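Below, chains carry the letters A, B, ... as their sequence lines are ordered, and counting in each starts from 1. Predicted model, so just to flag it, every value in this text is computed and none were measured. FYI, side chains are in, hydrogens and waters are out, and symmetry mates aren't considered; it's all heavy atoms of this structure.
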2 protein chains.
Amino acid sequence: MAKNMPEACGLGAALEVIGGKWKTFILWEIHFGPIRFGELKRRVTGISEKMLIQNLREMEADGIIAREMFHEIPPRVEYSVTELGRTLNDAVTPLATWGKVYSKRIMETLEGG
Amino acid sequence: MAKNMPEACGLGAALEVIGGKWKTFILWEIHFGPIRFGELKRRVTGISEKMLIQNLREMEADGIIAREMFHEIPPRVEYSVTELGRTLNDAVTPLATWGKVYSKRIMETLEGG
DNA sequence: TCCGAAACTTACCTTCTGGTGCGTACCCTA
DNA sequence: TAGGGTACGCACCAGAAGGTAAGTTTCGGA
């Protein structure tokens, strides 16, 4: 997305990193602390394994999360946010807050009229 | 998007409003002040008329921009941000800043290695 | 011997997003 | 009469995003 855009304001780049249906939720769940693949799958309700892995790979490539493999049986993999991921999470917080307020506003509008 | 999501953190709602390829750029161009359809089309480089109109309608429905029609010949329509739109623009600013820094980091990484 | 768990991988299919191009009403200019 | 500008609407189409379902490897347990 926005590969050919006049830089505008940096939003394009940011949305490439946390855009899509799932990444924000994934980042949110991981930001509490290291978490296993299976646990993540249970927490991010509704996501398919394919999508979870695909998104995790992309987020890893973007450098916002880190993957650690433990050579155990059964296999264990843990995901955690990187320093960059933490800054992204911080940058995204105001937007999350806005989203909450906005949702509330919508609800009130629907109730009120 | 995220209609059936556990509220998580409000980000889902926010991304429904400024998600997609163009809305951020449109909001950015409008936030400087009222702007006509044609001017907007010229500023948001690469957008098609269909997409511009479609996005404007959605943003209007979401209450972040306002449309004012002047019954003149040739027709004139101006778009401006609402108070809610301004708050969204503010909420999105940190993310834009992050995107800029991130882009720079990527460039440096590419140059350095 | 079959099953289940973990963390994937692969193939296939559907839905959504965005793009292209044409048509519209109205007026002005040439 | 022809063409251009404004702000759209509509139909069709391609590609990306996302969903579904199955297979893989290794082990322990019934």
(request) Would you mind telling me which residue lines up with the more 5' stretch of DNA chain C, B:Ser48 or B:Pro75, judged by nearest nucleotide? (result) B:Ser48
(request) Kindly give the heavy-atom pair with the smallest separation between B:Asn89 and B:Thr93, and that separation in Å. (result) O-OG1, 2.8 Å
(request) Mind listing the closest non-hydrogen atom pair of B:Pro34 and B:Glu78 along with its distance? (result) CB-OE1, 3.6 Å
(request) Taking only heavy atoms on the protein side, list every residue of residues 49-59 of chain A lying under 4.0 Å from any atom of DNA chain D, sorted numerically. (result) A:Lys50, A:Met51
If I take atom [atom1] in residue [X] and atom [atom2] in nucleotide [N], what distance separates them, rounded to the nearest angstrom?
X       : N      : atom1 : atom2 : value
B:Phe37 : D:dG5  : CZ    : C1'   : 13 Å
B:Ile35 : D:dT6  : CD1   : C1'   : 15 Å
B:Glu60 : D:dC8  : CD    : C1'   : 13 Å
A:His71 : D:dC27 : NE2   : P     : 14 Å
A:Glu72 : D:dG28 : CD    : C1'   : 15 Å

(request) On DNA chain C, reading 5' to 3', which nucleotide is the first and which the last to sit with an atom under 4.0 Å from a heavy atom of chain A, could you check? (result) C:dA6 to C:dA11
(request) Looking at every strand, decide which applies to A:Phe70 at a 4.0 Å heavy-atom threshold: base, sugar-phosphate, or nothing. (result) nothing
(message) Any non-hydrogen side-chain atom of A:Leu56 less than 4.5 Å from a side-chain atom of A:Ile30?
(response) yes
Quick check: is [Y] connected to [X] through a chain of hydrophobic side chains (ILVMFWY, heavy atoms under 4.5 Å apart)?
X       : Y       : answer
A:Phe25 : A:Ile53 : yes
A:Ile18 : A:Leu84 : yes
B:Phe70 : B:Tyr79 : no

(message) Out of the candidates B:Leu11, B:Val17, B:Asp90, only one should pair with A:Trp98 under the side chain to side chain contact (heavy atoms under 4.5 Å, CB included) rule; please name it.
(response) B:Val17
(request) Would you indicate, yes or no, if D:dA7 has its OP1 or OP2 atom less than 4.0 angstrom from a side-chain nitrogen or oxygen of B:Arg36? (result) yes
(message) Between B:Glu108 and B:Arg105, does any NZ, NE, NH1 or NH2 come within less than 4.0 Å of an OD or OE carboxylate oxygen?
(response) no
